[in-house]
Amino acid sequence: MRARSEAAERLENEGTLPREELVQLLTECDDPTLERLRGAARRTTLGRFGDGIYVRGLIEIGNVCRNDCLYCGIRRSNREAERYRLTSDEILGCCERGYALGLRTFVLQGGEDPSLGDGPLAELIAEIRRRWPDCAVTLSLGERSEASYERLFRAGATRYLLRHETADPELYAALHPGMSHARRLECLAALQRIGYQTGMGMMVGVPGQNAGTLADDLLLMERFRPEMIGIGPFLPQRQTPLGDAPAGSLRLTLLLLAILRLMHPAALIPATTALATLAPEGRNLGILSGANVVMPNLSPPAERKKYVLYDHKAAFGCEAAEGLAALDRELHAIGRRIDYGRGDYRG
């Protein structure tokens, strides 16, 4: 118990731990140590950002994907998935609605769609920036060439979310058939070279993961120093090879959020939709563990049910853009409020 307490104290004071102590903390963390770390993470977040929680408008632009990741409901081999692609006009309509609601960041997320060319995408980004110049555009569209990333950056996208998924090349290969862990890290390095505010992250509790791989994830992110960090619990999707696997742990996810906040005091860390899906109070617990971003869904309601990365995804109510008033009430109940600013990274 003393070792756990000493490790927690060092993490609070120094913002890092060696691998063996991270493994021990992830393996043996008791409830008092967890609450100590969550409390330290809350104080760090409040000291850096105040009581505001940034909101981003999430637009799921399409669920066509060339990849076959074992856990993902929009994987190439899922013949039951109802595929769709939003048109540029539909995406612009989402932005218009989001802007009227006060949102000043739009997140364009989708599968790795081979038909999503650089030219039309760059034109769309430029049009969003032309119509709403005070807004930020974030992309989450998977692996692309460095030239593609560069072109989209020049068009006006300034943030890119690309989870590294795992620091373990063998686990990465097992979960992502035909994909390369080295390629994923090269893409992240390219995004940083270009100048994007770059996001990394992983699922918590995916089959094959353990305390050692999670410690390596923490240390990989420490080396990259991403501006954004997105983690959430693994949630199974019944039409995938991992559809019968158990969901990830809420407790472990909250512990990792707290550790990440202490390791990355300035990072933008969302309380993810997966967290809200796993437990009704998951979003608020994530915020009280160091998260400071929420991404309400701006996608057309008719399409949200088709973007099924995992089962029972929360995409309405407080997880939707039209539920911002309810979200604000819930945040006030835990001493937080919506911050409608762009929320750019400030290291």
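In this text, all values refer to a predicted model and were calculated from it rather than measured experimentally.
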Any chance you could lay out the side-chain contact (heavy atoms from CB on, under 4.5 Å) test for R159 and D344, step after step, and finish with the verdict?
CA-CA 9 Å; R159 307 171 187 164; D344 290 297; 2.7 Å; yes
Carefully, step by step, assess I61 and Q109 under the rule side-chain contact (heavy atoms from CB on, under 4.5 Å).
CA-CA 6 Å; I61 67 172; Q109 177 177 293; over 6 Å; no
Between E165 and H181, is the side-chain contact (heavy atoms from CB on, under 4.5 Å) condition met? List the steps.
CA-CA 9 Å; E165 304 296 358; H181 186 255; over 6 Å; no
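Under 4.0 Å is where a charged nitrogen must lie from a carboxylate oxygen, and between E82 and K305 no such pair does. In this structure, E96 does not pair ionically with R131, as no charged nitrogen and carboxylate oxygen lie closer than 4.0 Å. Salt bridge annotation for D118-R151: absent, with no cationic side-chain nitrogen under 4.0 angstrom from a carboxylate oxygen. A salt bridge between R342 and D134 is absent, with no side-chain N of the basic residue lying under 4.0 Å from a carboxylate O of the acidic one. One finds a salt bridge joining R283 and E330 here, because a Lys/Arg side-chain nitrogen approaches an Asp/Glu carboxylate oxygen to under 4.0 Å. A salt bridge links R85 and D113; the closest N-O separation between the charged side-chain nitrogens and carboxylate oxygens is under 4.0 Å. By the 4.0 Å N-to-carboxylate-O rule, D51 lies too far from R336 to be salt-bridged with it. In summary, R304 and E60 do not engage in a salt bridge, as defined by a charged side-chain N under 4.0 Å from a carboxylate O. The pair D244-R238 fails the salt-bridge criterion, with no side-chain N (NZ, NE, NH1 or NH2) lying under 4.0 Å from an Asp/Glu carboxylate O.
The residue from I287, I334, L288 that alone fulfils the side-chain contact (heavy atoms from CB on, under 4.5 Å) condition with R42 is L288. Considering I229, D217, L191, L188 in turn, L188 is the only one that fulfils the side-chain contact (heavy atoms from CB on, under 4.5 Å) rule with M200.
S289 is linked by a side chain to side chain contact (heavy atoms under 4.5 Å, CB included) to R38, L254, L257, counting only residues two or more places apart in sequence or in another chain. With sequence neighbours excluded, no residue forms a salt bridge (Lys or Arg N to Asp or Glu O under 4.0 Å) with R223.
Using modelled atom types and a 3.5 Å distance limit, the side chains of N297 and S299 yield a donor-acceptor pair. At a cut-off of 3.5 Å, with distance as the only test, no side-chain donor of D168 or T213 sits close to an acceptor on the other residue. When only modelled atom types and interatomic distance are considered, T16 and E222 share a side-chain donor-acceptor pair under 3.5 Å. Side-chain contact check for Y196 and E227: no donor-acceptor pair (N or O, by modelled atom type) lies under 3.5 Å.
Hydrophobic clustering (side-chain heavy atoms under 4.5 Å, transitive across Ile, Leu, Val, Met, Phe, Trp, Tyr) keeps L26 apart from L171. In this structure, Y172 is not a member of the same hydrophobic cluster as L162, with clusters built from ILVMFWY side-chain heavy atoms closer than 4.5 Å.
Separation of atoms CG (L121) and CG (L116) is listed at 5.0 Å; rounding is to 0.5 Å.
Counting heavy atoms of neighbouring residues, nucleotides and ligands inside a 6.0 Å radius, atom CD of E35 exceeds 12 of them.
Aromatic pair H176/Y71: ring centres closer than 6.0 Å.
A cation-pi arrangement is absent between R56 and F106, since the terminal nitrogen or guanidinium carbon is not both under 6.0 Å from the aromatic centre and inside a 45° cone about the axis.
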